S.K.: 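There's a structure below that I have some questions on.
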Amino acid sequence: MRLNPGQQQAVEFVTGPCLVLAGAGSGKTRVITNKIAHLIRGCGYQARHIAAVTFTNKAAREMKERVGQTLGRKEARGLMISTFHTLGLDIIKREYAALGMKANFSLFDDTDQVALLKELTEGLIEDDKVVLQQLISTISNWKNDLMNPAQAAASAKGERDRIFAHCYSLYNDHLKACNVLDFDDLILLPTLLLQSNVEVRERWQNKIRYLLVDEYQDTNTSQYELVKLLVGQRARFTVVGDDDQSIYSWRGARPQNLVLLSKDFPALQVIKLEQNYRSSGRILKAANILIANNPHVFEKRLFSELGYGTELKVLSANNEDHEAERVAGELIAHHFVNKTNYKDYAILYRGNHQSRVFEKMLMQNRIPYKISGGTSFFSRPEIKDLLAYLRVLTNSDDDSAFLRIVNTPKREIGPATLQKLGEWAMTRNKSLLTASFDMGLSHTLTGRGYESLTRFTHWLREIQQLSEREPINAVRDLIRGIDYESWLYETSASPKAAEMRMKNVNQLFTWMTEMLEGSDIDEPMTLTQVVTRFTLRDMMERGESEEEADQVQLMTLHASKGLEFPYVYLVGMEEGLLPHQSSIDEDNVDEERRLAYVGITRAQKELTFTLCKERRQYGELVRPEPSRFLLELPQDDVLWEQERKVITAEERMHKGQASIANIRAMMEKAKNR
DNA sequence: CCAGTCCCCTTTTTT
DNA sequence: AGGGGACTGG
């Protein structure tokens, strides 16, 4: 398929700053991949001078795949396709000396952050989860706004800000002492360095001669600053974004960066992609009309040549169970009549808790499904344990990791021992692990605790030494040495669960081995590199793509961004849910409308909304109003299907089950023919 | 160190 | 309603 004029223009404009306003389904990934190919084949750029930046690892992986298909391995060699954070990490890894850091730093994830700040701020701030969370996000905001603790303190307006700024200062000092960085540092430090150090800046501007940024509307201040520093005066870059799909402002994204761009780069070429290749005309019309209720800086009107399509449906249910039942019933019937695959269907919702009822209903009816979201692989305790061990191996100063593993599995090193060790280390300005080798420590610690501690740390040191020569064997010895499998069987609810968790551990080990050994595509990595990559969940391109099982897809609206499905059920279309009550309270319904817009534009052929007349919420029954977004849709294109007769729960249950059972029976018959 | 109990909270999620 | 975290008592 050929590029349309807008896409063509976006690909071919390479002589200056370029903003591509890419509506949903307008082929932006195609534009990016084709543009990279064009830069290399048509404009004399070398692959190693081009960088493309995304927000998620998934997006980066997909882009690599697509570019690989277009260009082939050798032409794409050296191309930098990564997330913002991995790019930042790469810069820090190369420039750690200029930053005054040690080479073997490790990374803090959010759990470490919470634990550390909780400990650090004891007595300073209220001992309250909410306050702590506020502190964390305040610090994160400061970092994202490129403010150091002194600047934060100077800008403090009230007592609270001053205390928070002080906590920020303590926190940063502690990170430094532990030779640790948090996620925000991965953007902040390179940005500050590039700002202040001309030599380094020029080195990177010379390395990255063309920059592409995907999902630009999701950038925060420091990320945009980094972009500006990297592109410099030359201003050879392309950013791709869509202000209507900005749904992450609650986590610091500044969609205003789209507008800022034309101020910072007056020569900016703005190109709109308005032809949609995904959805039927009717779906697109509904999306356009809905989003027209939001204010816009860039007017945009998507059109489709895929035909007008069928009406959008609205199914009204009596309560959540009924809602799930109707969706399941519709879905089975539709699947049967149209001979579709289950993976052609998606059920999208505002909050994760909504998935439960649907999951139950699909399970009861033997419909294969997949819920994305929930606890990811890397937030599982067994994985975090293991990574903490590895962090200690690669960075002995990482107290947070040390504390996590020092008594996991149980080895009789209790709070009392650790308390004393902590005091000892603190007065001597050493990390916990380093301090535990001090001779004098035996006087402060009682016999038993001292013995357990030294036995452990000495063993750890052996593994650590081995890891410098033979990292793979060291990791294997580590897992065996702590007898982690037994620990899992002891602590898991069931043997089955333990088995699962051990499988995860082995999976991690396999990935790690591959990364340490390298392959024909990837250079071998050091253990330190592997560990930081894992903390970033960034595991390069391993060929094994997610198994493409034939399953109905269940996910939140947020998680659905960037995906598409022939048939979409957008459930829980009620005031209070979508738009969410908290957004109504905060007067931020626009973002909820964009969320609805994202959901609608996922659908290719058919779109069904559902809502409940009655819903159980926080233990009490509420009677929500239909979502205002349903009322904003063009009503000529929407079919409201009411169930006329009011029936009891039992009858309904019976009826729902019966009809589903009937359809099943028909399907079986059809199959057997 | 574990188990049992009470209390609290409840949008979205990545790196 | 239901799950999870914190706290208490053995």
Side-chain angles (χ1 to χ4, degrees), chain A residues 53-60 82-89 92 107-115 118 127-130 132-133 136-137 140 143-144 181-188 215 218-220 222-223 245-253 319-321 348-357 372-379 381 407-416 490-491 532-539 555-562 572 576-586 588-589 591-592 594-596 598-599 615-622:
Chain A
V53 186
T54 64
F55 277 84
T56 64
N57 291 308
K58 190 165 160 241
S82 67
T83 63
F84 262 105
H85 293 264
T86 308
L87 176 65
L89 178 68
I92 296 171
L107 287 185
F108 248 29
D109 69 13
D110 37 7
T111 328
D112 302 310
Q113 217 175 6
V114 173
K118 190 170 177 166
D127 181 23
D128 179 77
K129 258 201 304 220
V130 179
L132 187 66
Q133 214 48 60
I136 288 170
S137 74
S140 180
K143 288 195 174 191
N144 288 334
L181 301 179
D182 68 17
F183 287 134
D184 296 323
D185 287 334
L186 292 178
I187 314 294
L188 172 71
E215 304 283 10
D218 290 339
T219 51
N220 61 35
S222 62
Q223 285 160 339
Q245 292 186 71
S246 163
I247 54 176
Y248 286 110
S249 71
W250 51 275
R251 101 189 168 197
N319 57 39
E320 304 113 292
D321 294 322
L348 308 180
Y349 35 79
R350 174 67 236 256
N352 277 313
H353 63 276
Q354 287 170 265
S355 70
R356 285 194 49 185
V357 203
S372 27
T375 37
S376 86
F377 184 80
F378 291 93
S379 46
N407 203 29
T408 304
K410 297 274 175 278
R411 48 177 77 91
E412 295 182 306
I413 303 172
E490 277 166 40
T491 52
T532 45
R533 284 293 158 97
F534 271 128
T535 315
L536 283 176
R537 295 138 194 230
D538 175 19
M539 289 152 291
M555 68 188 83
T556 63
L557 287 162
H558 284 90
S560 76
K561 193 171 131 187
L577 245 191
L578 184 68
H580 196 272
Q581 190 56 47
S582 49
S583 293
I584 299 174
D585 296 341
E586 289 163 35
N588 190 19
V589 174
E591 180 142 321
E592 299 286 312
R594 290 194 288 270
L595 212 39
V598 166
R615 181 181 293 272
R616 212 163 256 297
Q617 214 159 22
Y618 309 140
E620 64 186 331
L621 217 53
V622 291

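Just so it is clear: chains get the letters A, B, ... in the order the sequence lines come, proteins before strands, and each one is counted from 1. None of these values were measured; they are calculated from a predicted model.
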S.K.: Just to verify, what does Asp184(A) make a salt bridge (Lys or Arg N to Asp or Glu O under 4.0 Å) with, not counting sequence neighbours?
M.R.: none
S.K.: Is there any protein nitrogen or oxygen under 3.5 Å from a nitrogen or oxygen in nucleotides 2-11 of chain B, and what are the pairs?
M.R.:
unit_1: dT11(B); atom_1: OP2; unit_2: Tyr618(A); atom_2: OH; d: 2.9
unit_1: dT11(B); atom_1: O4'; unit_2: His580(A); atom_2: NE2; d: 3.3
unit_1: dT11(B); atom_1: O2; unit_2: Arg350(A); atom_2: NH1; d: 2.8
unit_1: dT11(B); atom_1: O2; unit_2: Arg350(A); atom_2: NH2; d: 2.1
unit_1: dT11(B); atom_1: N3; unit_2: Ser582(A); atom_2: OG; d: 3.3
unit_1: dT11(B); atom_1: O4; unit_2: Ser582(A); atom_2: OG; d: 3.2

S.K.: Between Arg594(A) (CZ) and dT12(B) (P), how many Å, whole number?
M.R.: 18 Å
S.K.: Quick one: Ile136(A) CD1 to dT15(B) P, roughly how many Å, whole number?
M.R.: 18 Å
S.K.: In whole Å, I'd like the distance from the CD1 atom of Ile584(A) to the P atom of dT12(B).
M.R.: 16 Å
S.K.: Looking across every strand, which nucleic acid part, if any, lies under 4.0 Å from Asp110(A) by heavy atom: base, sugar-phosphate, or nothing?
M.R.: base
S.K.: With sequence neighbours excluded, tell me which residues meet side chain to side chain donor-acceptor pair (under 3.5 Å) with Asp112(A).
M.R.: Arg391(A), Ser400(A)
S.K.: For Lys58(A) and dT15(B), give me the distance from atom NZ to atom P, rounded to whole Å.
M.R.: 10 Å
S.K.: Between dT15(B) atom C1' and Tyr248(A) atom OH, what is the distance in whole Å?
M.R.: 12 Å
S.K.: Not counting sequence neighbours, which residues clear side chain to side chain donor-acceptor pair (under 3.5 Å) with Thr532(A)? List them please.
M.R.: none
S.K.: Leu186(A) has an atom CG; how far is it from atom C1' of dT15(B), in whole Å?
M.R.: 8 Å
S.K.: Within this structure, what is the NE2-to-C1' distance between His85(A) and dT14(B), rounded to whole angstrom?
M.R.: 7 Å
S.K.: Taking salt bridge (Lys or Arg N to Asp or Glu O under 4.0 Å) as the test, write out the residues that go with Arg537(A), two or more places apart.
M.R.: none
S.K.: Hey, is the side chain of Lys118(A) poking within less than 4.0 Å of OP1 or OP2 on dA6(C), counting only N and O atoms?
M.R.: yes
S.K.: Check salt bridge (Lys or Arg N to Asp or Glu O under 4.0 Å) between Glu320(A) and all other residues, then give those that pass, not counting sequence neighbours.
M.R.: none
S.K.: Counting side-chain heavy atoms from C-beta on, which of dC1(B), dT15(B), dT13(B) comes nearest to Asn407(A)?
M.R.: dC1(B)
S.K.: So, using ring pair (Phe, Tyr, Trp, His ring centres under 6.0 Å) as the criterion, who are the partners of His580(A) when residues are at least two apart?
M.R.: none
S.K.: Set out, in order, the CA-CA distance, both residues' side-chain angles and the distance that settles side-chain hydrogen bond (donor to acceptor under 3.5 Å, both in side chains) for Asn588(A) and Glu592(A), then state yes or no.
M.R.: CA-CA 7 Å; Asn588(A) 190 19; Glu592(A) 299 286 312; over 6 Å; no
S.K.: In whole angstrom, give me the gap between the P atoms of dG4(C) and dT11(B).
M.R.: 15 Å
S.K.: Taking atom P in both dT12(B) and dG3(C), compute the distance separating them and give it to the nearest angstrom.
M.R.: 16 Å
S.K.: Distance-only, no hydrogens or angles: does the Asn407(A) side chain make a donor-acceptor pair with backbone N or O of Ile413(A) under 3.5 Å?
M.R.: yes
S.K.: Has Trp250(A) got its ring stacked on dT12(B), by the test of a centre gap below 5.5 Å and a plane angle below 30°?
M.R.: yes
S.K.: Distance check needed: dT15(B) P versus Asp182(A) CG, whole Å only.
M.R.: 15 Å
S.K.: With sequence neighbours excluded, tell me which residues meet side-chain contact (heavy atoms from CB on, under 4.5 Å) with Val114(A).
M.R.: Leu132(A), Ile136(A)
S.K.: Distance-only, no hydrogens or angles: does the Asp185(A) side chain make a donor-acceptor pair with backbone N or O of Leu188(A) under 3.5 Å?
M.R.: no
S.K.: If you assign Glu412(A) and Ile247(A) each to the DNA chain B nucleotide with the nearest heavy atom, which residue ends up on the more 5' nucleotide?
M.R.: Glu412(A)
S.K.: Could you go over nucleotides 8-10 of chain C and give all protein N or O partners under 3.5 Å, atom names and distances?
M.R.:
none

